[in-house]
Amino acid sequence: MKRTPIVAGNWKMNLLGSDVVAYAEALAAAGPPETDVDIVLFPTPVYLAAAARAMLEWASVGAQDVHAEEKGAYTGDVAAAQARDAGAAWALAGHSERRQYHGESNVEVARKAERTLGVGLTPVVCVGETLEQRQQGETEAILDAQLAPVLAVLDAADGDTEGGAVLAYEPVWAIGTGLSASPEIAAAVHSHLRRALNDYRSGLGDAARILYGGSVNADNCVDLLGRPDIDGFLIGGASLDPASFLRIIRLCAGSGSGPAP
Ligand code: 13P
């Protein structure tokens, strides 16, 4: 099964409205978008609608987070339906910064992913271990625990959504540190995750796109994407500058992953 690579930029809490417009102009000026890569941008929520309008055919956009409840008295939060209404097609669930700074549990992450799916957005479920957990030899156990409550959601996303089942492996120790996981380390984890998905339902793992995130840049993306189980990237810092993001997109184009059909 051929899996179309995803190159996604997570802007986190960066950039202003004028930057979003300039970013879109830079993408448009680069010519028509690559057709064999799915390009996604995750702006801060206040710029979601503007980004969705500005990126036109170049990129789809997604929410960095949505609330687990449908709607209600949750000051400062964004409902999945609102994100969709603002133009999102995707939503992250369980980014490590949400788990770390907002205390999101594995179960809450699964509820958010389910809510995302319920309004027709494709959830991008993020998992990853800390440095301490890796050093203690707990990586697979941590990932399995993070994965367990979201397996049913990923299964439903495969087939029910345009994006299908999408997971992002983001080792916490590699995020924003400049210390990317080696292709060997990332490949081993991706293969473990794919096996876990296939164990849940045969074929789910083969169909799922598993992204790597953590200090991805133009210098390391080709090696990483060359591994059979790495289907693209969720990029923080290197996605803030359109030239750098474009360089990564160009390098990833034409390298659809997975065994040939
Ligand atoms: P960096 O690419 O800045 O390490 O961030 C990765 C990330 O957290 C993307 O969601």
(message) Taking ring-ring contact (aromatic ring centres under 6.0 Å, His included) as the cut-off, I'd like each qualifying pair that reaches into residues 118-171, sequence neighbours left out, listed once.
(response)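 Every pair satisfying ring-ring contact (aromatic ring centres under 6.0 Å, His included) with a residue in residues 118-171: Y169-H190.
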(message) Enumerate the ring-ring contact (aromatic ring centres under 6.0 Å, His included) contacts for residues 75-125, please, sequence neighbours excluded, ordered by first and then second residue.
(response) none
Quick one: are [X] and [Y] in side-chain contact, heavy atoms under 4.5 Å?
| X | Y | result |
| --- | --- | --- |
| L143 | L193 | yes |
| R209 | D38 | yes |
| I210 | I230 | no |
| P33 | E57 | yes |
| D65 | V78 | no |
| R99 | N106 | yes |

How does the hydrophobic cluster around [X] look, that is, which other residues are in it when side-chain heavy atoms under 4.5 Å mark a link?
| X | answer |
| --- | --- |
| M13 | none |
| L117 | V153 |
| V119 | L121 |

(message) Is it the case that the side chain of D158 and the backbone of V166 share a donor-acceptor pair, with hydrogens and angles ignored and the cut-off at 3.5 Å?
(response) no
With rounding to the nearest 0.5 Å, note down the distance linking [atom1] in [X] to [atom2] in [Y].
| X | Y | atom1 | atom2 | result |
| --- | --- | --- | --- | --- |
| S239 | N10 | OG | CG | 6.5 Å |
| S191 | D229 | OG | CG | 5.0 Å |
| F233 | C252 | CZ | SG | 5.0 Å |
| D85 | L48 | CG | CG | 10.0 Å |

(message) Do E129 and W173 pair up side chain to side chain, a donor and an acceptor below 3.5 Å, judged on atom types alone?
(response) yes
(message) Under the rule for side-chain contact (heavy atoms from CB on, under 4.5 Å), what residues qualify as partners of Q135, not counting sequence neighbours?
(response) L131
(message) Which residues pass the side-chain contact (heavy atoms from CB on, under 4.5 Å) test with V172, not counting sequence neighbours?
(response) S96, T130
(message) Once salt bridge (Lys or Arg N to Asp or Glu O under 4.0 Å) is applied, what residue pairs with a partner in residues 67-78 remain, sequence neighbours excluded?
(response)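 Listed by first then second residue: E69-R111.
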(request) With sequence neighbours excluded, give me every salt bridge (Lys or Arg N to Asp or Glu O under 4.0 Å) pair touching residues 168-187. (result) E184-R227
(request) Output yes when E104 and R98 qualify as a salt bridge under the 4.0 Å nitrogen-oxygen rule, no when they do not. (result)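 Here E104 pairs with R98 in a salt bridge, since their nearest N and O are under 4.0 Å apart.
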(request) Please test D206 against R194 for salt bridge (charged side-chain N to carboxylate O under 4.0 Å, His left out), starting from the C-alpha separation and ending with a verdict. (result) CA-CA 7 Å; D206 301 326; R194 199 175 301 288; 5.9 Å; no
(message) I'd like to check the side chain to side chain donor-acceptor pair (under 3.5 Å) partners of N217; sequence neighbours left out, ordered by chain and number.
(response) none
(request) For D144, check side chain to side chain donor-acceptor pair (under 3.5 Å) against everything at least two apart and list the hits. (result)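 By the side chain to side chain donor-acceptor pair (under 3.5 Å) rule, D144 matches H192.
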(message) By the side chain to side chain donor-acceptor pair (under 3.5 Å) test, which pairs, at least two apart or in different chains, include something from residues 12-24?
(response)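 Listed once each, the pairs are K12-E97.
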(message) Show the nearest heavy-atom pair for residues S215 and G176, with the distance to one decimal.
(response)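 In terms of heavy atoms, the two residues are closest at OG-N, 3.9 Å.
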(request) Start with the C-alpha distance between L246 and W58, add both sets of side-chain angles, then the distance that settles side-chain contact (heavy atoms from CB on, under 4.5 Å), and finish with yes or no. (result) CA-CA 11 Å; L246 264 168; W58 245 97; 3.5 Å; yes
(request) Taking atom CD of Q64 as the centre, report whether more than 12 heavy atoms of other residues, nucleotides or ligands fall under 6.0 Å from it. (result)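 For Q64, atom CD is crowded (more than 12 foreign heavy atoms under 6.0 Å).
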